[in-house]
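Worksheet: one structure, shown below.
Naming convention: chains lettered A, B, ... in sequence-line order (proteins, then strands); numbering from 1 in each chain. What you see is a predicted model; the values in this text were computed from it and never measured.
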Amino acid sequence: MSWISVQQAITSPVGTRLTLKGWVRTNRESKADGGLCFVALSDGGCFDPIQCVVRGTLPNFADVQRLTTGCAIEVDGELVASQGKGQAVEVQVDGEKGGAVRIVGWVDHPDTYPVQNKRHTFEYLREVAHLRVRTNTFGAVARLRHCLSMAVHRFFHERGFFWVHTPIITGSDCEGAGQMFRVSTLDQVNPPRTPEGKCDYSQDFFGKESHLTVSGQLNVETYCCALSNVYTFGPTFRAENSNTARHLAEFWMIEPEMAFCDLMRDSQIAEEFIKYCVNAALTERPDDMKFFDERIEPGLIARLRHVLETPFRRLPYTEAVRILSDAAAKGKKFEYQVKWGADLQTEHERYLTEEHFKQPVILMNYPKDIKAFYMRLNDQGTDGAPGDTVAAMDVLVPKIGEIIGGSQREERLNYLDQRLEEMKLPAKEYWWYRDLRRYGTVPHAGFGLGFERLVLFVTGMANIRDVIPFPRAPKQAEF
RNA sequence: UCCCUGAUAGCUCAAUGGUAGAGCGAGCGGCUGUUAACCGCUAGGUUCCAGGUUCGAGUCCUGGUCGGGGAGCCA
């Protein structure tokens with residue numbers, strides 16, 4: 001009798017003798033046929049547990065009767081066609097036919113086991129994050145997360161991109177994306193002081209102030225300008241005091257960067273990328289996706305198929321403002337007024353993608369004053385814009401809003417320096433970034449995507465804290 | 001960080017300022033090729049924390065902690 005996974009077992013021919021190892025999901029007892037226990041067993045490898053029908057012929061049947069949700073066991077038995085409804089096959093465990101159940105780990109005090117055989121709220125399960133992955137929902141999320149991670153790497157690998165491990169710790173405080181976590185080995189209570197009384201970071205581990213990265217983009221651009229097509233996929237840290245269902249202090253980000261690439265091709269890759277990941281989830285994890293479709297977001301699979309079949313709608317920021325203004329004129333109520341030059345609010349993005357177009361939308365060419373210094377300046381009057389724009393794009397999807405933000409980068413040194421000066425950024429600090437524009441500069445473009453937001457989009461889960469194993473957020477670093 | 005809202009049994013929730021309750025889960029028993037099982041019994045409480053008002057506070061007031069919804073920042 002060989003040990004196989006539950007996934008392998010359910011696709012094995014009837015009559016196969018097998019050993020399974022896993023955890024009890026449920027245990028139901030019957031007095032029929034001289035005593036039976038129906039033990040649903042899961043090893044986490046697939047959505048459905050397998051039903052083990054344990055006969056009263058087992059010498060330790062009394063122990064089997066005492067099994068509760070969460071117990072770890074090993075089962076020897078034979079795969080048979082199920083007599084009951086609800087499953088095609090089940091494992092017959094009969095002591096007279098070599099069947100056995102070995103109890104590996106009991107659950108102490110079943111009445112206090114945090115993951116009971118009943119419906120729990122996600123908020124409660126977050127408090128027992130070490131055990132919540134044993135539930136249907138979080139098991140499915142974990143498998144989907146893996147599936148999407150593999151899809152990300154496969155997508156880029158198949159297209160000749162190289163995965164670049166950009167640093168987690170950065171000595172640059174000018175990555176330009178918000179609050180950073182400090183990394184220091186100095187005494188927090190009595191740090192060394194400079195003559196002016198400030199903290200003396202020259203005595204710190206790196207000899208200068210250092211932080212956790214908020215983006216690998218500037219670093220990965222250097223590899224882009226040698227390997228042509230590259231991407232990062234790693235942890236990212238933001239010390240923003242954001243308390244929402246869409247933000248984490250620690251999350252995983254994907255940032256492709258392509259040389260000899262303009263904004264239009266950038267947006268095409270972004271669209272292909274989203275569709276590739278959606279398709280991977282639907283084709284590789286139909287069991288989990290069926291569950292999300294039935295229990296988490298009714299209509300999810302239809303929504304995702306629509307995403308796959310429909311070309312993303314591309315339109316200039318300037319036109320989006322016109323559409324939103326027209327909607328407001330016709331009576332659509334927005335809390336914030338729409339006007340050219342201001343960033344679009346969440347309500348505006350949702351109107352465009354959920355009500356007006358009802359599909360993913362790519363907005364392009366934003367006013368330069370609301371975008372980062374490294375984005376490429378467009379020619380005046382691009383898309384009929386009344387002011388200067390940059391070659392930026394945001395991919396907006398229903399429910400999530402902005403899932404991707406990208407741009408063509410400014411490859412012309414004089415324009416880049418002008419932008420640094422306008423935004424009062426110290427050019428000296430960007431010396432190596434500027435070097436890329438001095439030595440064989442090329443047009444290049446890329447985008448950034450928050451991995452957990454992709455998982456939200458594909459699973460239909462509502463809170464980003466429920467699609468990462470151990471969420472880090474303000475006041476939240478347990479586990 | 002701002003606005004709104006909440007915290008009572010292991011979990012989900014009730015309880016006019018006047019004796020703390022149900023469903024589910026758990027334990028025991030009954031019934032049953034069961035599968036959201038069903039029926040009966042039992043156990044289970046510092047009502048988030050610290051103050052205050054009151055003869056009396058789960059309930060009212062003040063401050064805090066944490067959760068949820070929305071917003072901002074963003075991915």
Could you list the residues that satisfy salt bridge (charged side-chain N to carboxylate O under 4.0 Å, His left out) with A/R182, not counting sequence neighbours? A/E209
Between B/U47 and B/A7, how many Å separate the two C1' atoms, rounded to a whole number? 10 Å
Determine the interplanar angle of the A/Y317 and A/W340 rings, folded into 0 to 90°, and report it as parallel if under 30°, tilted if 30 to 60°, perpendicular if over 60°. perpendicular
Is it the case that B/G67 (base atoms only) and A/R465 (side chain only) share a donor and an acceptor within less than 3.5 Å, ignoring hydrogens and angles? no
Please state whether the rings of A/F181 and A/F237 are parallel, tilted or perpendicular, taking 30° and 60° as the class boundaries. perpendicular
Validate the cation-pi geometry between A/R159 and A/F155: distance from NZ or CZ to the six-membered ring centre under 6.0 Å, angle to the ring axis within 45°. yes
Stems involving RNA chain B, each a run of at least 3 consecutive Watson-Crick or G-U pairs under 3.5 Å: B:1-7 with B:65-71, B:10-13 with B:21-24, B:26-30 with B:38-42, B:48-52 with B:60-64
Let's go through A/D63 and A/R66 carefully: what are the C-alpha distance in whole Å and the side-chain angles of both, what is the deciding distance for salt bridge (Lys or Arg N to Asp or Glu O under 4.0 Å) to 0.1 Å, and is it a yes or a no? CA-CA 5 Å; A/D63 282 344; A/R66 288 171 45 228; 3.1 Å; yes
Please compare A/T68 and A/R28 by the position of their nearest nucleotide in RNA chain B and report the one closer to 5'. A/T68
Quick one: the side chain of A/Q87 and the base of B/G33, do they pair up donor-acceptor inside 3.5 Å? no
Any N or O donor-acceptor pair under 3.5 Å from the base of B/C74 to the side chain of A/S242? no
Kindly write out the residues that satisfy salt bridge (charged side-chain N to carboxylate O under 4.0 Å, His left out) with A/D262, not counting sequence neighbours, or none if the list is empty. none
Please give the distance between the P atoms of B/A9 and B/C48 as a whole number of Å. 8 Å
Check if the side chain of A/E29 and the base of B/U32 share a donor-acceptor pair of N or O atoms closer than 3.5 Å. no
Apply salt bridge (Lys or Arg N to Asp or Glu O under 4.0 Å) to residues A/E294 and A/K290 and explain how you reach the verdict. CA-CA 6 Å; A/E294 287 171 355; A/K290 179 165 169 282; 3.5 Å; yes
Going 5' to 3' through nucleotides 40-46 of chain B and flagging B where a protein heavy-atom sits under 4.0 Å of the base, S where only the sugar-phosphate is that close, and - otherwise, we get -------
C1' spacing across the pair B/C55 / B/C66, given as an integer number of angstrom: 34 Å
Look at the side-chain N and O atoms of A/S30 and state whether any lies under 4.0 Å from the OP1 or OP2 oxygen of B/G33. yes
Suppose the criterion is side-chain hydrogen bond (donor to acceptor under 3.5 Å, both in side chains): which pairs have a residue in residues 97-108 of chain A, not counting sequence neighbours? A/E74-A/R102, A/D76-A/R102
A/R238 CZ to B/U1 P, in whole Å, measures 19 Å
Span that lies between the P atom of B/C13 and that of B/A50, in whole angstrom: 24 Å
Evaluation steps, ring-ring contact (aromatic ring centres under 6.0 Å, His included), between A/Y336 and A/H348: CA-CA 9 Å; A/Y336 293 85; A/H348 302 143; 7.2 Å; no
Reading nucleotides 6-12 of chain B 5' to 3', which nucleotides get B (base under 4.0 Å from a protein heavy atom), which S (sugar-phosphate only), which -? ----BBS
What class does the angle between the rings of A/Y433 and A/Y430 fall in, given that below 30° is parallel, 30 to 60° is tilted and above 60° is perpendicular? perpendicular
Would you call the rings of A/Y351 and A/H356 parallel, tilted or perpendicular, where under 30° means parallel and over 60° means perpendicular? tilted
I'd like the P distance from B/C49 over to B/G70, given in whole Å. 29 Å
Are A/M375 and A/R419 packed together at the side-chain level, in the sense that at least one heavy-atom pair is separated by less than 4.5 angstrom? no
